[in-house]
Amino acid sequence: MFNKILIANRGEIAVRIIRACRELGVKTVAVYSDADRRSLHVAMADEAYHIGPPAPGESYLVIKKIIDVAKHSGAEAVHPGYGFLSEKEAFADACEKEGIVFIGPSPEAIRLMGDKITARKIAQGAKVPLVPGSEGAVTDVEAVGIAKKIGYPVMIKASAGGGGKGMRLVRKQDEFESSLRMARSEARSAFGDDSVYVEKFIEQSRHVEIQVIGDSHGNVLHLFERECSIQRRHQKVIEESPSPAIRDKMRKKMGEVAVRIAKAVSYRGAGTIEFIMDQKENFYFLEMNTRIQVEHPVTEMITGFDIVKWMIRIAAGEKLLLKQKHISMKGHALECRVYAEDPEKNFLPSPGKLEYVRSPSGPGVRDDSSIYSGYEVTSFYDPMLSKLIVWADTREEAIKKMDSVLREYIVLGVRTNIGFLRRVMGNDEFIRGEIDTGFIERHPELLKSNGNGIELALIAAALAIRNSTKEEVETATQAKVSNWKLFARKLAVSGKIAI
Amino acid sequence: MFNKILIANRGEIAVRIIRACRELGVKTVAVYSDADRRSLHVAMADEAYHIGPPAPGESYLVIKKIIDVAKHSGAEAVHPGYGFLSEKEAFADACEKEGIVFIGPSPEAIRLMGDKITARKIAQGAKVPLVPGSEGAVTDVEAVGIAKKIGYPVMIKASAGGGGKGMRLVRKQDEFESSLRMARSEARSAFGDDSVYVEKFIEQSRHVEIQVIGDSHGNVLHLFERECSIQRRHQKVIEESPSPAIRDKMRKKMGEVAVRIAKAVSYRGAGTIEFIMDQKENFYFLEMNTRIQVEHPVTEMITGFDIVKWMIRIAAGEKLLLKQKHISMKGHALECRVYAEDPEKNFLPSPGKLEYVRSPSGPGVRDDSSIYSGYEVTSFYDPMLSKLIVWADTREEAIKKMDSVLREYIVLGVRTNIGFLRRVMGNDEFIRGEIDTGFIERHPELLKSNGNGIELALIAAALAIRNSTKEEVETATQAKVSNWKLFARKLAVSGKIAI
Amino acid sequence: MIYTFKFQDQIYRINLEDGKQTEVEIDGKKFPVCFQKIDERFYSILIDGESIGVGILKKGKKVEVFLNGELYEFESISERERQSTSAIISGVQQIKSPMPSRVVKILKNVDEAVNEGEGVIVIEAMKMESELKSPINGRVKEVKVKEGSAVESGSVLIVISSE
Amino acid sequence: MIYTFKFQDQIYRINLEDGKQTEVEIDGKKFPVCFQKIDERFYSILIDGESIGVGILKKGKKVEVFLNGELYEFESISERERQSTSAIISGVQQIKSPMPSRVVKILKNVDEAVNEGEGVIVIEAMKMESELKSPINGRVKEVKVKEGSAVESGSVLIVISSE
């Protein structure tokens with residue numbers, strides 16, 4: 001095992017990796033930008049080094065800076081987390097050249113799978129069905145032609161893409177040009193590469209992915225699927241495992257396909273094969289993510305398999321101890337990504353200072369986060385506040401638990417999607433498992449609070465104003481028992497006066 | 001299912017029960033003493049009623065007050081938690097008479113098992129071996145005689161006892177009299193009953209208990225064992241499941257014995273059969289706890305069985321869905337009880353205001369607590385701050401995880417046993433599973449910090465003093481990379497001057 | 001005493017009376033309330049036995065209340081303010097940046113005509129681009145920013161007049 | 001500047017120098033330190049790259065530092081105090097209550113002889129009884145409390161003299 005690992009990331013995933021290292025007895029080295037001196041990964045690591053200004057392009061994305069810190073601190077390996085350099089072949093390559101272990105697949109595997117077009121060819125070779133679309137990156141003119149040929153709706157996707165960046169759904173031809181421009185522009189700023197490809201958009205499709213993990217001895221396991229169909233702006237918001245749509249036979253088949261793809265590139269470490277599934281249970285290869293995923297915890301919860309610890313062990317040369325037949329799943333896990341964003345304003349990020357955070361807790365609850373009261377959500381990085389994961393015996397119980405856990409959450413200072421997430425947990429279609437990637441678009445009513453709590457909130461506000469001078473504490477009064485129930489009544493507001 | 005449940009308790013277990021109720025869609029009613037207006041169970045329940053002064057005898061132990069609140073609030077059932085009224089036959093009886101469901105066993109079962117002497121007879125009837133001792137409650141004179149007969153060391157135990165209260169180990173005859181006096185006095189103030197009995201003290205024994213749960217249709221399951229041998233002042237501090245000392249065959253046997261005892265009293269709800277185990281793997285019946293245990297989470301973690309939710313379902317008349325063969329265990333769970341106490345001063349409670357709390361979190365971590373920054377630990381109630389539970393694949397990994405999780409904990413304002421718990425996690429005997437109830441007594445070196453962190457703490461203190469005027473934030477400086485390692489050096493203190 | 005709040009452009013009034021204990025008036029009836037600070041910004045409120053745990057942030061006249069997953073942003077207003085408030089109907093609309101961001105592209109120049117719902121400017125924050133649209137038919141009266149400039153939350157970017 | 005602390009009856013000194021950035025002196029060498037408040041009482045300290053996350057509570061001259069599970073209680077002392085401090089060796093020992101508690105039983109009366117390690121008083125807190133013992137051989141000089149009385153943390157209960 002390594003003595004020391006550098007974590008080339010920030011936020012909750014850096015904290016997650018630090019915790020895994022501590023449990024393995026491995027020292028950790030953090031890096032931080034000017035915006036992250038107060039971030040938890042800095043305080044929790046054994047060492048921490050400053051690597052530049054807040055903009056990722058000047059800090060977290062600068063390969064030389066990361067390598068320099070690794071060499072100076074004596075870190076033997078680097079864990080890239082997700083995002084940033086995690087899927088950059090050049091980084092894996094640079095590590096290899098400097099004799100630093102890259103905790104992830106080979107540069108070759110990253111290159112093959114990182115280019116979405118090559119990845120499609122590999123999947124084709126492994127006899128995995130593909131969504132109709134362009135054979136490769138396209139010019140503006142070609143793009144229009146292909147879109148016409150395969151028919152609208154189509155998706156424009158960045159070749160170097162991931163995480164919904166540089167992705168646009170186009171339903172009508174007259175929207176195509178502006179969408180193409182924006183997709184290229186986003187791709188350029190996010191990945192430094194504006195090449196895009198075009199794919200048929202499958203209506204009411206599910207996003208289902210298979211977690212795989214391979215060691216350097218040729219063993220590859222799959223850890224079942226994750227259903228990630230609840231998305232906004234093509235980014236996952238709610239994930240779960242198992243998928244309510246997948247039966248054992250299909251699970252087995254998809255797992256085998258995923259392992260086949262991984263073996264085709266001699267895959268080492270944790271990776272995810274993403275599929276799109278239509279309403280007739282056909283599935284098509286979408287892409288492979290050659291890194292740890294944001295949503296890995298749901299898989300850990302149902303399998304008891306610690307993916308991050310095993311990534312590190314595998315990078316250190318250890319063999320996977322378990323065979324496929326030893327991997328089993330139990331119960332149901334759900335993950336909600338809690339964001340600083342405003343669902344009422346098309347999920348626009350809501351950066352700012354978290355004036356107060358009260359995180360939920362309890363049996364079967366896991367809160368992967370790195371926030372605290374006073375934390376500043378900046379616009380330099382993703383506005384995710386926390387990943388809230390629950391486990392329960394059944395999907396139904398997991399949903400109830402998630403709802404009850406979200407109810408415990410309190411965040412002041414920024415807008416969040418917590419209310420929205422609770423409304424999803426209460427939605428009948430969601431509860432029945434009738435979900436697809438168009439779920440949120442189909443349910444605009446979930447974006448807005450129903451205002452049920454306004455009366456109680458008003459009383460709270462009035463009490464706060466009244467007590468703002470005597471901030472300390474009111475003398476505890478004895479509540480008398482009576483039959484009066486607040487919820488059954490309306491407030492004596494003197495009429496609602498629109499201005 | 002019930003519409004509304006009253007929780008006749010406080011602290012973490014009240015919060016635990018509220019969470020279970022929320023997940024079951026059941027409304028909750030809290031009760032609180034003057035000392036608990038700021039406690040979390042009050043803020044988290046749907047309703048809350050004041051029941052009197054801080055002293056339990058004037059609030060949480062007053063049956064009439066609890067029943068009155070239940071009736072007035074319309075609660076259909078009462079969950080007693082642990083401690084307080086949970087094992088009071090009179091309370092279960094009063095509930096029954098008022099048509100309120102008592103979430104627990106019948107008054108009869110409480111009575112039979114509550115009297116330690118009757119319980120021994122029942123166990124005897126079920127052919128379970130017993131520790132040699134007095135046949136029942138004894139006078140002072142009888143006690144001395146029996147102690148002489150069975151030979152020292154002996155244990156004096158309160159007949160109405162539990163939780164280590166009114167319990168004294170006596171190694172030599174000349175200590176007997178004062179120990180007896182103190183045991184009786186403690187028993188009187190804790191249970192209102194000073195009758196005691198005397199038992200042979202088994203050297204280097206383990207405390208192993210079996211969790212059982214029965215429904216009102218005659219089904220009783222066991223959920224394997226918990227090892228609770230790490231004790232101080234006869235109170236459990238660290239619990240785990242499975243026990244490192246128990247093999248499958250023995251586990252099965254103990255489980256069957258426990259189910260037999262439970263069936264002998266038509267047991268309904270969650271209960272625990274406690275055994276004492278000697279070094280030759282003989283086990284003897286100790287007592288039955290007819291309530292939820294503090295340490296129930298470790299069982300929940302390895303089985304996925306939510307004991308509190310099932311207690312409520314069973315009280316509502318539901319049948320246990322699973323058969324014994326469906327109950328399986330996976331991995332290893334550890335629980336540490338974090339107390340406001342001073343291990344260096346014989347674990348003396350350390351009440352006061354928690355000026356700051358930073359709770360740990362992460363994968364496989366469960367923190368059952370009800371504290372927060374600003375919470376006041378009063379001397380009216382148990383000084384337990386939180387139950388920290390971890391789950392991992394193996395015992396070895398669970399220990400490492402617990403150590404790493406304890407390292408994340410920060411509590412300012414009172415003394416805690418966190419450092420002590422970490423030292424236990426690092427102890428070789430503990431790691432090898434060579435534990436017994438004398439473990440702590442045998443390892444006085446674990447009570448005191450080794451002072452390794454003093455240099456770093458001093459730097460922190462100096463920085464804090466320097467910055468106390470400019471409290472806000474220092475400009476972030478760029479840490480230069482160098483080969484200097486702090487831990488390898490000593491501080492340039494100008495000599496240590498004893499005063 | 002009567003407390004008046006604005007919430008989503010509506011006015012609400014609520015009466016709290018201080019006696020031996022505080023009471024809240026609802027439907028003409030009064031019920032005891034108990035307001036207890038738990039920690040920095042977390043409060044326990046008991047209204048005649050009904051319990052709520054609530055996060056409250058007071059910033060001048062603004063009060064943020066976080067209750068059961070939902071955030072309520074109130075503005076406390078005095079009785080005088082309430083009476084003098086009236087809707088300001090105007091054909092001039094300001095396009096403001098909803099958050100700290102960077103201007104990527106200005107789609108409409110001064111004097112150019114715009115339709116309701118038409119994009120006028122593209123901004124970027126957290127690597128995501130958003131197009132801000134005109135709420136009215138009209139003409140661009142003023143462009144207050146340049147492409148590439150960084151803007152604060154609430155900054156006016158473009159002014160559109162309905163002529 | 002030199003900071004002096006008392007910790008468990010020992011004196012420690014540490015030198016922090018303010019220049020372009022703060023430095024700490026260790027073994028005659030100076031290393032850069034960076035002290036950053038994270039939240040209310042949680043701080044991140046970087047000492048030449050070495051990182052510690054630490055809880056700090058300052059109460060007048062007392063500083064509590066919580067680091068890696070251990071609590072360190074320091075008392076900040078001025079140079080003058082340090083120089084004038086000397087061990088007060090005395091045959092008079094005060095038995096103090098280590099916490100808020102209730103006196104259950106007084107085991108020794110005034111003028112009664114006591115041996116080192118012998119119990120002199122029984123107190124009770126949180127339903128647990130504890131016997132406080134004499135640290136010296138001697139005689140009870142004064143009993144300052146009565147059975148049943150409530151006492152504060154640090155209250156002197158009994159005074160024992162070695163004669």
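Each chain gets a letter, A, B and so on, in the order its sequence line appears, and its residues count up from 1.
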Next item on the list: Name the option with the most non-hydrogen atom pairs under 4.5 Å to chain B; the candidates are A:M301, A:K309, A:E300.
Entry: A:K309
Checklist line | A:S328 portion near chain B, given a 4.5 angstrom heavy-atom threshold | finding: both
Note to self: List the residues meeting side-chain contact (heavy atoms from CB on, under 4.5 Å) with A:T28, not counting sequence neighbours, and say none if there are none.
What the structure shows: A:I7, A:I18, A:C21, A:A45, A:D46
Note to self: Tell me whether A:E318 at atom CD has more than 12 heavy atoms from other residues, nucleotides or ligands lying less than 6.0 Å away.
What the structure shows: yes
Item checked: Non-neighbouring partners of A:R19 that pass salt bridge (charged side-chain N to carboxylate O under 4.0 Å, His left out), sequence neighbours left out -> B:E408
Notebook entry, point to check: Taking all non-hydrogen atoms of both residues, which atom of A:S361 and which atom of B:D367 are closest, and how far apart?
Noted result: OG-O, 3.2 Å
Check: Checking B:L321 against chain A: side chain, backbone, both or neither under 4.5 Å from a heavy atom?
Finding: neither
Notebook entry, point to check: Is it the side chain or the backbone of A:S373 that comes within 4.5 Å of chain B heavy atoms, both, or neither?
Noted result: neither
Next item on the list: Heavy-atom distances under 4.5 Å only: say whether A:P297 touches chain B with side chain, backbone, both or neither.
Entry: neither
Notebook entry, point to check: Between B:S404 (side chain) and A:R22 (backbone), is there a donor-acceptor pair under 3.5 Å?
Noted result: no
Check: Under a 4.0 Å N-O cut-off, is there an ion pair linking A:E23 with B:K401?
Finding: yes
Next item on the list: Count the heavy atoms of every other residue, nucleotide or ligand shown that sit under 6.0 Å from CD of B:E98, and state whether that count exceeds 12.
Entry: yes
Next item on the list: Against chain B, work out which of A:S359, A:P363, A:G331, A:A392 has the most heavy-atom pairs shorter than 4.5 Å and name it.
Entry: A:P363
Item checked: Under 4.5 Å from a heavy atom of chain A, the part of B:T303 involved -> backbone
Notebook entry, point to check: Looking at B:E12, B:M44, B:R366, which makes the most heavy-atom pairs under 4.5 Å with chain A?
Noted result: B:R366
